[in-house]
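A, B, ... follow the sequence lines: proteins, then strands. Residue 1 opens every chain. Since we're looking at a predicted model, the values are computed, not measured.
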Amino acid sequence: MNWKKLLAAALVLGLSAGVMAGCGSDKAASNGEKALVIGDTTFNSSNEEPDVNPHNAYAGWACIRYGIGETLIKYSDKMELQPWLATKWENVDELTWKFTLRDDVTFSSGRKMDAAAVKQCLEHLIESNKRAAQDLKIAAIEANGQELTIKTTEPKPALLNYLGDPYGCIIDVDAGFEKGIVAGTGPYIATDIKTDDHLVLKKNEHYWGGTPKLDKITIRTITDGNTLSSALQSGEVQAAYGMAYESYPLFRNDKYNISQISTSRCFFGKMNFDPDSVCADPAVRQAIAMGIDKENFVAKLLDGNGFPANGVFPADPAFGGDKVKAEKFDLEGAKKVLEAAGWVDTDGDGIREKNGKKLVIKWLTYPSRQELPLLAESAQATLKEIGMQVEINNTADNNQVVKDAKAWDVYAMANVQAPTGDPEYWFTVFATSNATKNQGKYKSARLDALENQLSREFDPAKRTQLALDMQQVVLDDHAFVFCSFLKMSMISKVNVKNYTSHACDYYQVTADLDVE
Amino acid sequence: MSSSATPTIRLQNVQKNTLQRKLYFFGALALLLVAASFFSEQLCPYDPYMQDMSLTKAAPSAEHLLGTDRYGRDMFSRVIAGSKTSIFSTLLLVSFITLFGSFIGIVCAWMGRKTDTVLMRLSDMFLAFPGLVFALAVAAVLGGGVHNAIFALAAISWPKYARLARSQTLALQAAPFMQAAKMAGSSTFKLIYKHVIPNISGPILVTAVLDIGTMMMELAGLSFLGLGAKPPIPEWGSMMSDTRNLLPTQPWVTLAPGFAIFFSVMIFNLLGDTVRDYLDPKRR
């Protein structure tokens, strides 16, 4: 009998040890180090951020957000250009730009940041990132001490804006890219990463901008908004990015800080121009644009944390807001448009047909932006009223699905429309015929011609007018439907200091970020 | 001896009557549930699909007994409409696995040899997979949707019935009345139809009724994970999944389908238990 008791006692001890190990506190905390855990719904491969290498897809967003990398130029909250790693710059002629770099900056690898290192970084960038190569149009780079000269193949008025894009994070290429980790100049150094799971950062003791206040930061990828909400409430994470707006009432109290700012992040749908897609029919595109109830979506499903969108850009910049004419929510008008185009419900099932083809819209979206599925279901109901059947595919595999032109008709996504403070970015990424993310194969000769002008135009007033003209082309073709702009919010425990939202949605982790 | 036998018979009669009453009660509740789901369209006070943004997330009231969801849809109507998807899908699934599994079991027992070996090893293969994980994999490969979820659960659930039917049939084959029927010249079809099926149907029926609750939970689980019903189709599992963000702030939206699952599963489980007890020869 005794041996049974002993066995039972051993089992109990073993289980207790396991439980204690599982509940063990963070090593950093036990060492007396200052540590912070941030939960993020968007740091994942679904958002093309598999690591922190700024030259890889959109991973530069993670690099700059988490304080690993810095760019030559940064943006103010009014999206004005400010010096960062470059102290000053000069437009020598239409094709030549000269930059003076800070002299007191070293990479986390220990190498000094000089013009030669920046040249090497930018050359690697345009070799490995098609979007950057297309944006920057760099012909040659010259390095001389802390003086950097960039020559472009064509006049590039928005070059400065593009250099502030996250892909422009200056990294030490010689330090390598093992596991997607890079050596930047920021206040924190990435030490460990597991895609779609976590990123660990440690303090950069030699940061040029002052000593960072935290010893260790862990970024945890938590794609589900409900899990993130629970994690913040339980204290598993102390700060959160990308929380569902529906959970905000839980955090509007004196235990939490909510930092909120209006941004150009937009929920919009791009139409598929593939001949087999129902959206190849202009009437269908127009009816979709007229059939989405943006006002109620913002008021009820975003809980007022946004603004209904008219054109590509929000109201703040000179090239945004209601200076362009877009379709209004008008279900009766949409029905007339479809009827005039021959889409009629012949079998009485509430769904229109034309030439034997049902008006079925394959609506592709993804869950990591918590309100995109709500937009889909809202559109599903309103479009049904005009005789369209919307089949929703809400998948984290959106980047693969969107490559198959037969798998979707509308791709609803979230995007920061003017992350460089300049309008050209959006058109060259999404709308021109050679745009990198024009998966719907939209093609407009007039838009391409206007973009050609915009890319060479230095006068801000003329750039604004061109941007407005280009938006109007896109809206008249109903190639996209813009639904809402979002207020960007970050939530943290009240003892977390300086976890602040920025209009460009970049600089989350700074040297000032602290836990009291 | 005879003095002790009388109270036992009385006790048995009391137990039988109690069981009978329980059987009628739970049977009536289950029938009511099935009937309500059958006539759900007529019973819904509002269109379960109709969005009304002026009524979003309204708390339960006299007008909307279970409140409204984030799209302003009446939750009471959606729970009733969801019963059609949830209950009928479950009944379809249980009927299919019962009939298919029993058929395979009888075939195995009757044919024996290679057929039995092949089919039983096949069923062993399906039994070797962790149930819900296999169903998840099947549903993920085939894509979402109620039909695929039913297929996925059916694929892993039929072997239980096949094994049960096989063992019962094998036991019957050796019974003297079966030997007598064979000697009297009964055909295989007649033997199975007249003697095997009536004799094995009791335990299979009990298993099937007990399985309704389990299958309802598993279907709701697949839907909760996004592999069952697709929006805007009301289905209890997917309704809970879609609204779980609202649990801390507007709990009625999540709890309404949750309680619907709870009560339905409870009714079918209690019915299953009662049927089992009622058909148990020791308790008659």
> Under a 4.5 Å heavy-atom cut-off, does chain B meet the side chain of A:Asp303, its backbone, both or neither?
side chain
> Would you find a donor on one side and an acceptor on the other, under 3.5 Å apart, between the side chain of A:Gln380 and the backbone of B:Pro231?
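Yes, because the side chain of A:Gln380 sits within donor-acceptor range (under 3.5 Å) of the backbone of B:Pro231.
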> Hey, could you give me the CG/OG distance between B:Asn245 and A:Ser229, rounded to the nearest 0.5 Å?
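It is 7.5 Å, given to the nearest 0.5 Å.
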> Heavy-atom pairs under 4.5 Å with chain B are the metric here; pick the option from A:Ala376, A:Ala299, A:Ser378 that has the most.
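Highest number of heavy-atom pairs under 4.5 Å: A:Ser378.
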> Given side chains that start at C-beta, do those of A:Leu374 and B:Tyr71 come closer than 4.5 Å, heavy atoms only?
yes
> Would you say that A:Glu246 contacts B:Arg70 through its side chain, given a criterion of any heavy-atom pair below 4.5 Å between the two side chains?
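When only atoms from C-beta onward are counted, B:Arg70 and A:Glu246 do touch, with a gap below 4.5 Å.
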> Does B:Asp52 come within less than 4.0 Å of A:Lys300, counting only side-chain N to carboxylate O?
no
> Can any side-chain N or O of B:Gln51 pair as donor or acceptor with the backbone N or O of A:Glu377 at less than 3.5 Å?
yes
> Give a yes or no on whether A:Lys487 atom NZ has more than 12 heavy-atom contacts from other residues, nucleotides or ligands under 6.0 Å away.
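Enclosed: over 12 neighbouring heavy atoms sit under 6.0 Å from NZ of A:Lys487.
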> Taking atom CD of A:Glu295 as the centre, report whether more than 12 heavy atoms of other residues, nucleotides or ligands fall under 6.0 Å from it.
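Incorrect, the count does not exceed 12.
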> May I ask you to check whether over 12 heavy atoms, not counting those of A:Met488, lie within 6.0 Å of atom CE?
yes
> A:Thr382 versus B:Met53: any side-chain heavy-atom pair under 4.5 Å?
no
> Is atom NZ of A:Lys336 surrounded by more than 12 heavy atoms (other residues, nucleotides or ligands) closer than 6.0 Å?
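No.
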> If you compare all heavy atoms of A:Leu250 against all heavy atoms of B:Pro248, which two are closest, and at what distance to 0.1 Å?
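Shortest heavy-atom separation between A:Leu250 and B:Pro248 comes out as CD2-CB, 3.4 Å.
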> Does a side-chain heavy-atom distance below 4.5 Å link B:Arg244 with A:Asp224?
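Contact flag for B:Arg244/A:Asp224 side chains = yes.
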> Count the heavy atoms of every other residue, nucleotide or ligand shown that sit under 6.0 Å from NZ of A:Lys255, and state whether that count exceeds 12.
no
> Nearest 0.5 Å, please: how far is OG1 in B:Thr56 from CG in A:Leu301?
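Answer rounded to 0.5 Å: 7.5 Å.
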> Taking atom CE as the centre, does B:Met266 end up with more than 12 heavy-atom neighbours from other residues, nucleotides or ligands that are less than 6.0 angstrom away?
yes
> Within a radius of less than 6.0 Å around CZ of B:Phe151, do more than 12 heavy atoms belonging to other residues, nucleotides or ligands occur?
no
